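Structure record follows, encoded as structure tokens.
Just so we're clear, the structure is a prediction, and the values are computed from it rather than from any experiment.
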Amino acid sequence: MFQIEQALEAWKIRIGQSEAIRPIDLAELEQHVRDSVAHLVTTSLSDEEAFLVAIHRVGEPNQIASEFKQVNGAHIWGQRVFWMIAGFIFFVLWKLVIRSVTLSSQAMIALVGGSGTSMGTVASIVSALCWIGLAIAIYRWAITEREPSSLHELLSRPRMQVLSLVAGAVVVLSAFLIFAGRLVVARYVPVSEVGKSAEIMALSNELLELVAPATFLWVMWNLQRKFVHADS
Amino acid sequence: MIPKELAAASSRPLVLSILARGEDYGYSIIQRVREASGGQIEWSEGMLYPVLHRLEQEGQIHSFWKESETGRRRKYYRLSTTGKQSLTIHRQQWLSVHETLLNLWGPQQCFK
């Protein structure tokens with residue numbers, strides 16, 4: 001049995017995939033199809049036939065998208081800049097998370113009476129694991145097949161309140177962990193051991209900063225090959 | 001049937017002319033064009049909206065959402081003062097194209 005609401009949803013997903021079409025444009029096009037179907041069913045067409053004629057008359061998704069692209073340029077760039085800034089914020093937050101995790105691991109080693117060398121080594125390993133984990137997570141997230149609607153919804157309706165709340169929670173939690181970690185280290189570890197630990201961490205950080213861009217380039221390289229060249 | 005290019009070229013004066021008669025929404029505008037042209041002008045309907053949005057960006061028309069009789073919200077458009085002036089210019093231009101063709105074809109062709 002033909003379900004017009006489901007068919008409309010599926011059509012909206014196809015049309016809405018283009019970044020040129022804003023949610024408000026989609027609402028207008030949807031109402032157009034509804035008006036068209038309502039009119040066509042009065043001419044002895046079935047719901048399904050009316051729907052097919054209506055979407056055919058609206059036009060091919062690619063063709064509509066290219067027409068909209070000419071008027072919605074600012075919107076497209078707004079979305080792109082939004083995601084660039086979102087990426088930057090995510091990166092800053094991620095660095096905070098890593099600092100809080102490495103400092104907590106140092107503090108824990110310190111509490112069980114570990115040496116400066118073991119503190120530095122463990123913190124370096126934890127930090128490296130976090131970065132590797134991020135690279136893998138980005139790659140897996142990007143290659144996972146998902147409903148185009150969910151991604152489009154995310155793109156078109158960024159839930160700013162939720163995002164801000166999460167960002168705020170990360171900052172507060174990280175700040176707490178970092179200060180607590182520093183206090184524990186300062187209180188339980190002799191200065192010479194802290195120095196050793198810091199020396200090891202500094203070395204590993206230098207190494208990470210050299211390796212990290214290469215790792216992320218590798219991830220991007222693979223994604224590019226998979227998505228851009230596969231299409232052309 | 002009017003070819004696509006000519007339909008696209010005449011889309012602006014057509015939209016402005018229809019809105020000059022009063023506020024209207026996308027689907028209805030297309031229906032009116034179809035009726036007025038005796039079915040000769042068939043748009044790829046999706047292309048009307050970018051045209052409407054461009055006219056709105058240029059200040060020739062204004063848009064507003066209004067609840068329809070079915071309770072759903074529809075986007076209506078109405079002509080602005082700039083749009084009225086623009087329509088006058090379009091009218092002069094199209095009439096002069098029309099007159100030129102009539103002059104070239106001569107009266108006998110017109111009455112055929």
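When heavy atoms are compared at a cutoff of 4.5 Å, B:Trp65 approaches chain A solely by way of its side chain, counted from C-beta outward. Neither the backbone nor the side chain of A:Ile15 comes within contact range of chain B; no heavy atom of the residue lies under 4.5 Å from a heavy atom of that chain. Looking at B:Ile30, only its side chain comes within 4.5 Å of chain A, counting heavy atoms on both sides.
For the pair B:Tyr49 and A:Asp25, the minimum side-chain heavy-atom distance is 4.5 Å or more. Side-chain contact between B:Arg74 and A:Glu28 is absent, with no heavy atoms from C-beta onward closer than 4.5 Å.
By the neighbour-count criterion of 12 heavy atoms within 6.0 Å, atom CZ of B:Arg34 is densely surrounded, having more than that number from other residues, nucleotides or ligands. Atom CD of A:Glu60 is surrounded by 12 or fewer heavy atoms from other residues, nucleotides or ligands within 6.0 Å. Counting heavy atoms of neighbouring residues, nucleotides and ligands inside a 6.0 Å radius, atom CZ of A:Phe88 does not exceed 12 of them. A:Phe2 CZ: more than 12 foreign heavy atoms inside a 6.0 Å radius. By the 6.0 Å contact criterion, CH2 on A:Trp94 is enclosed, its count of non-hydrogen atoms from other residues, nucleotides or ligands being greater than 12. Within a 6.0 Å radius of CZ in B:Arg91, no more than 12 heavy atoms belonging to other residues, nucleotides or ligands are found.
Looking only at atom types and distance, the side chain of B:Tyr27 has a donor-acceptor partner in the side chain of A:His39 under 3.5 Å away.
Between chain A and the options B:Arg72, B:Glu42, B:Lys75, B:Arg73, heavy-atom pairs under 4.5 Å are most frequent for B:Arg72. Of the listed residues A:Ser66, A:Ala27, A:Ser36, A:Ala38, the one with more heavy-atom pairs under 4.5 angstrom with chain B than any other is A:Ser36.
Contact record, B:His53 with A:Val71: CB-CG2, 4.4 Å, taken as the closest heavy-atom pair.
A distance of 6.0 Å or more separates the ring centres of B:Tyr25 and A:His32.
Of the listed residues (A:Glu67, A:Lys69, A:Gln70), just one forms a side-chain contact (heavy atoms from CB on, under 4.5 Å) with B:Pro50, and that residue is A:Glu67.
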Criterion side chain to side chain contact (heavy atoms under 4.5 Å, CB included) on A:Arg57 and B:Ser44, from CA distance to verdict: CA-CA 6 Å; A:Arg57 283 188 180 169; B:Ser44 163; over 6 Å; no
